[in-house]
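Data block below; observations after.
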Amino acid sequence: VGTPDAQPLIPEPGHGQVFLGLGDQSLLEQSTRQLEHVYRLADPALSELALEPLLDELLARAREILDVDTAAILLLDDAGQELVARAAKGLEEEVERGVRIPVGGGFAGRIAAGRTPIYIADVDHAEILNPILREKGIRSLLGVPMLVEGAIVGVLHVGTVTPREFTNEDAALLQLAAAQAAPAIDRARLFDALDRERRSAVALQRSLLPDRLPDLAGIETAARYLPARDEVGGDWYDVIDLPVGSVGLAIGDVAGHGLRAAALMGQLRTGLRAYALEGHAPGETLKRLDRLLQTISGRGMATAGYAVVDPATGALRYAGAGHPPPVIVREGERALLMKGRPAPPLGSLPFPAYHDVHDALEPGDTILLYTDGLIERRREPLTAGLERLRELAAAPRSPEQLCQHVIERLVPATGGDDDIAVVALRIRPVQDAMRIRFAADPQVLSQMRRTVGRWLQAHGAEPKEVAAITLACGEACANAIEHAYAPGVASFELEADHDDGVVTLAVRDTGRWRAARGTNRGRGLKMIAAAVDELDVRTTSAGTEVVIRHRLGAS
Amino acid sequence: MTPLADVRFETIDNVVVARLEGEVDMSNADDLGTAITARVSSDAIALVLDLAAVDYLDSAGIHVLFDLRERLTRRGQQIRLVLGPDSPVATALEYAGVQRTLGASPTVSDAIAGLDG
């Protein structure tokens with residue numbers, strides 16, 4: 001700070017650089033021209049603009065009004081350590097190259113650190129960190145801090161390529177521009193941050209829900225998840241392919257919103273699925289889930305419902321934990337709310353009891369589980385919402401159509417206040433013809449037998465005929481499963497048709513026919529031939545087809 | 001969840017009685033065969049396999065019956081099946097044409113009474 005050539009970095013007024021006070025009112029009243037400048041920088045219309053166009057317009061006006069060559073805005077980064085070039089006129093490279101200036105260092109850094117305007121008459125004699133200012137041949141600079149409620153959010157500076165003496169009036173105008181931009185930047189950042197959290201919460205939520213439902217024989221399923229209008233929530237659903245052909249249907253709702261609720265939801269969904277796969281009944285599954293929840297730190301609360309359906313017999317068991325009752329739609333005619341024993345939400349009471357209620361679904365019947373977001377309305381008792389849902393559900397529809405219908409009718413197009421999950425399962429109505437794809441896994445055989453058995457029964461087969469044809473079909477399917485030695489997820493198809501008292505069952509796989517291995521496979525074909533009227537094995541380049549034909553009521 | 005099939009054991013005068021119920025197919029036949037073999041100790045004189053409560057038996061199940069018979073015979077042990085008349089298992093054995101080969105008794109006590117020696 002000594003030699004005549006090296007001017008002090010933050011000099012006293014009168015040394016070619018000036019300190020400028022904030023807002024000198026007298027300057028603003030000097031002429032209509034000045035008033036016009038003030039108006040153009042404080043233009044309320046600017047605040048209507050989105051952030052990018054606002055910064056762009058402000059910099060353009062500042063450059064024109066102050067008659068300068070460059071104008072730029074640097075914003076404080078999230079850590080508050082550096083200024084990052086965000087918008088510029090005549091200094092576009094500053095933004096392109098992502099110039100970063102440490103707070104406290106260089107021209108812009110000192111403005112931010114001191115929250116005070118700085119004027120540099122001659123760049124050659126000042127500490128300038130930004131190489132672009134020199135490259136562009138900037139001679140004089142004027143910069144002001146951008147403040148929101150006293151906190152620094154950035155720096156606005158203008159420059160000229162010819163030496164220029166900035167006046168207090170210039171500084172006041174620039175401060176006006178800075179005052180216009182600062183709140184908009186702050187607001188935009190807040191939205192950015194909120195939007196980021198919401199987006200990541202929604203992504204998390206999605207990743208925690210099933211990405212597709214299992215394709216199960218004898219039933220149809222569908223599900224929907226709708227995030228709330230403003231916030232992510234903790235609703236979930238699940239369809240679980242249980243051992244021995246049963247299907248688990250789960251729904252749940254973690255109390256609260258945001259990332260925490262979504263994360264807890266993920267833990268509970270996995271927990272329920274794990275207990276369900278161990279084969280526990282609904283009540284026991286919820287009891288274990290409650291115990292799990294009690295061990296999770298900062299434990300929340302959740303309501304949940306869990307149903308186990310046997311697609312072959314239609315047997316239904318359900319238990320709920322403080323959750324609204326399932327809707328059962330009897331083959332398209334009427335809908336009723338499943339009666340259950342009142343039970344507390346998970347995580348709400350020590351040692352809660354969750355009991356199973358039993359019911360049965362006939363072919364064509366549907367069970368619908370949902371979260372309260374679907375039925376709740378402000379200033380309305382819950383029973384009104386339940387009744388509305390029950391009425392809406394009573395019509396013949398596929399699970400897909402049912403989910404769509406209730407959501408369309410009950411949820412505003414802009415989204416609900418609460419998030420919503422729905423999951424529906426229908427026992428497939430018996431059809432004249434059916435075509436089902438099974439995984440090439442011996443575990444599917446029992447399910448196949450129940451589905452085929454029910455189908456045969458529906459077409460008037462006697463118990464003995466059901467047993468014989470089911471056995472024949474079982475052998476054909478076992479054959480298809482044995483063919484599935486190719487890598488990847490293998491499957492086979494079963495098609496059943498009924499025409500004038502004759503049933504035809506075709507089992508198709510994509511494997512090559514294997515010659516009878518030992519006596520075992522050969523025995524299977526022998527059994528088919530003995531059990532039914534006709535057996536036909538066709539091998540093509542695509543795979544193998546075993547066709548079984550039998551006339552009902554002949555014996 | 002109830003498994004597809006279940007087996008219960010009892011020993012009567014050195015005869016192991018295995019009562020099988022449920023359904024036997026490709027998914028569980030081998031495991032059932034292994035479980036039953038493990039319970040027939042070397043000092044047992046015979047295995048009586050009660051299939052009266054079996055609702056379904058396919059070729060994989062029949063294969064296991066032959067496999068059991070072969071193992072026990074090799075160890076000098078006898079095997080007898082118990083089948084209800086017209087039972088699903090009897091029908092399956094008939095379709096496979098092996099009901100005579102395997103032989104069967106109507107009750108467990110008949111099976112024990114009919115053992116050699």
Side-chain angles (χ1 to χ4, degrees), chain A residues 240 242-248 275-282 284-285 308 310 315 317 440-450 453 463-468 470-482 516-532, chain B residues 1-7 20-35 37 51-71 73 79 81 83-104:
Chain A
I240 309 160
L242 295 170
V244 203
S246 286
V247 185
Y275 296 130
L277 284 170
E278 282 176 2
H280 298 295
E284 182 63 25
T285 300
V308 174
D310 181 343
R317 283 174 296 167
D441 180 338
Q443 298 294 336
V444 305
L445 287 171
S446 59
Q447 203 184 334
M448 179 283 301
R449 290 196 293 275
R450 280 158 188 67
K464 286 220 161 219
E465 291 171 324
V466 171
T470 303
L471 180 67
C473 189
E475 293 296 338
C477 292
N479 231 327
I481 291 166
E482 285 207 327
R517 222 178 35 189
T519 49
N520 196 24
R521 233 6 337 126
R523 186 177 288 133
L525 286 173
K526 186 177 176 184
M527 290 170 76
I528 300 176
V532 296
Chain B
M1 204 61 47
T2 46
L4 206 52
D6 198 10
V7 58
L20 199 55
E21 60 177 66
E23 299 172 47
V24 182
D25 66 16
M26 192 184 188
S27 72
N28 62 356
D30 285 347
D31 289 346
L32 286 168
T34 306
T37 309
L51 301 173
V54 172
D55 306 317
Y56 183 84
L57 183 95
D58 71 356
S59 60
I62 295 174
H63 180 74
V64 168
L65 295 184
F66 274 97
D67 191 49
L68 271 174
R69 193 174 76 145
E70 197 186 311
R71 282 179 205 226
T73 309
I79 180 169
L81 304 185
L83 295 179
D86 282 345
S87 71
V89 175
T91 311
L93 297 182
E94 193 188 313
Y95 290 150
V98 298
Q99 75 274 42
R100 278 171 200 281
T101 321
L102 286 173

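Just so we're on the same page: letters track the sequence lines, and every chain starts at 1. Heavy atoms only: backbone and side chains are in, while hydrogens, waters and symmetry mates are out.
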(request) Locate the shortest heavy-atom distance separating A/I481 from B/M26; write the atom from each residue and the value. (result) CG2-CE, 3.8 Å
(message) I need the B/D58 CG to A/L445 CG distance, nearest 0.5 Å.
(response) 7.5 Å
(message) Heavy-atom cut-off 4.5 Å, strictly under: side chain, backbone, both or neither for A/A529 against chain B?
(response) neither
(message) Looking at every heavy atom in both A/M527 and B/L57, which two are closest together, and how far apart are they?
(response) CE-O, 4.4 Å
(request) Could you tell me the separation between the NZ atom of A/K526 and the CD1 atom of B/I62, rounded to the nearest 0.5 Å? (result) 10.0 Å
(request) Give, as side chain, backbone, both or neither, the part of A/A467 having an atom under 4.5 angstrom from any heavy atom of chain B. (result) neither
(message) Is any side-chain heavy atom of B/Y95 closer than 4.5 Å to one of A/E475?
(response) no
